[in-house]
Each structure stands twice: as C-alpha cells, then as structure tokens.
Amino acid sequence: MNSKVVMWIALAMGLYGAFAYSLIHYYEDDDQPAQMQWDEKEGYNRQYIAKLQLEKVDLDTILLDIGSPDITEAKKVESDNYQITFYRTQHRHSDGKTTQDECTALLFKNGSLIGIGESAYNDYKSYVATFDNQ
C-alpha cells in the first residue's frame, strides 16, 4: 500500500478520535425543559415538583427552572396576589390539548409557593370566591 494512503488514513482516524473525544467531554447536553418532547417534559416536571418545598421557592425560580406553565390563573385578593400555575405531569387524552386534569397545580401567594396539587387549586378557588362574594 502506498505510504501516502496510510498517512491519510491515520490522519483521518486521528481527527475522528479527537472529534469524538471533544464531543464526549465538552458538549453540554441541552436538557432544558423547553427542548424536551412532551413525554420527557412530563417526567421532568413530576420529578421537579416532587422536590419542591413550600415557602422555600418562589415563582421566578420555578419559571427559570422548568419554564412557562401550561395553564395559569391569577387574582388579587385584598393586598395579596394569588397565582395558580399548572404544569403538565401526566397524559390522559390524545387530543393535542393540555387540560387541568393532566397537570399538577402550584399555588403562589405574593410569589411564594404555598400549595401543590389538587388541594392547592381548591384553596385558590376558595380565596377567589371569598373575595368575589364580598
């Protein structure tokens, strides 16, 4: 075999090896929720929400960490701001729409997390109904 051919093959293998090494060691996987498929995002949201602690996290942190909610409502009750956000955590209907029954609710009072789950949404409705009836 010609020595030039051997040299080119060796050079190509060396470059391939350097590229593979660089890719493995320096490429940051873009594991941001906005880039995930819907089923991956549901799992990510479930895991993230399971780790939340009441009154130790605020809405801005959650928005930065997992992105915009799928559904949101907000109401000012006297001097307090209540916001309920819904993040998709389970698949129920194959209709291309995200509904509340496919989501987990997060309730915030003045930006601080005060409730998680169905009871949080019930609390939100209670706060709003109390204000609306006055």
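What's counted below: heavy atoms across the whole structure, side chains too, no hydrogens, waters or symmetry copies.
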Using 4.0 Å as the upper bound for N to carboxylate O, is an ion pair formed by R92 and E102? no

Between I62 and Y48, is any pair of side-chain heavy atoms under 4.5 Å apart? yes

Check whether more than 12 heavy atoms from other residues, nucleotides or ligands sit under 6.0 Å from atom CE of M7, and answer yes or no. yes

Which atoms form the tightest heavy-atom contact between L63 and S68, and what is the distance? CD2-CA, 4.2 Å

Can you tell me how far apart CG (L52) and CD1 (I66) are? Round to the nearest 0.5 Å. 7.0 Å

Counting only heavy atoms from other residues, nucleotides and ligands, does the tally under 6.0 Å from CD of Q90 exceed 12? yes

Gap between atom CG of N2 and atom CH2 of W8 - 0.5 Å precision: 12.5 Å

Main-chain N/O of N81 paired with N110 side-chain donor or acceptor, under 3.5 Å: yes

Got P69 and Y87 here, is their nearest side-chain heavy-atom distance under 4.5 Å? yes

Test side-chain contact (heavy atoms from CB on, under 4.5 Å), reference T104, set N45, T89, T85, output is T89

Spatial distance of atom CZ (R88) from atom CZ (R46) [nearest 0.5 Å]: 10.5 Å

Within a strict 4.5 Å, meaning less than it, do heavy atoms of the T98 and F86 side chains meet? no

Note, L106 side chain near L113 side chain (heavy atom, < 4.5 Å): yes

Just checking, is any N or O donor in the side chain of D58 or T61 under 3.5 Å from an acceptor N or O on the other one? yes

Tell me the closest heavy-atom pair linking I114 and L54, and the distance in Å. C-CD2, 3.6 Å

Nearest non-hydrogen partners of G115 and A120, listed with the distance: C-CB, 3.4 Å

Is there a side-chain contact between Q83 and L59 in this structure, where contact means two heavy atoms from C-beta onward sitting under 4.5 Å apart? yes

Can you find a heavy atom in the side chain of E42 that is under 4.5 Å from one in the side chain of H91? yes

So NZ of K109 and CD of E55: to nearest 0.5 Å the spacing works out to 9.0 Å

Do D80 and Y127 pass the side chain to side chain contact (heavy atoms under 4.5 Å, CB included) test, and can you show the C-alpha distance, the side-chain angles, and the key distance before you say yes or no? CA-CA 10 Å; D80 294 316; Y127 298 143; over 6 Å; no

Working to the nearest 0.5 Å, report the span between NZ of K75 and OH of Y124. 7.5 Å

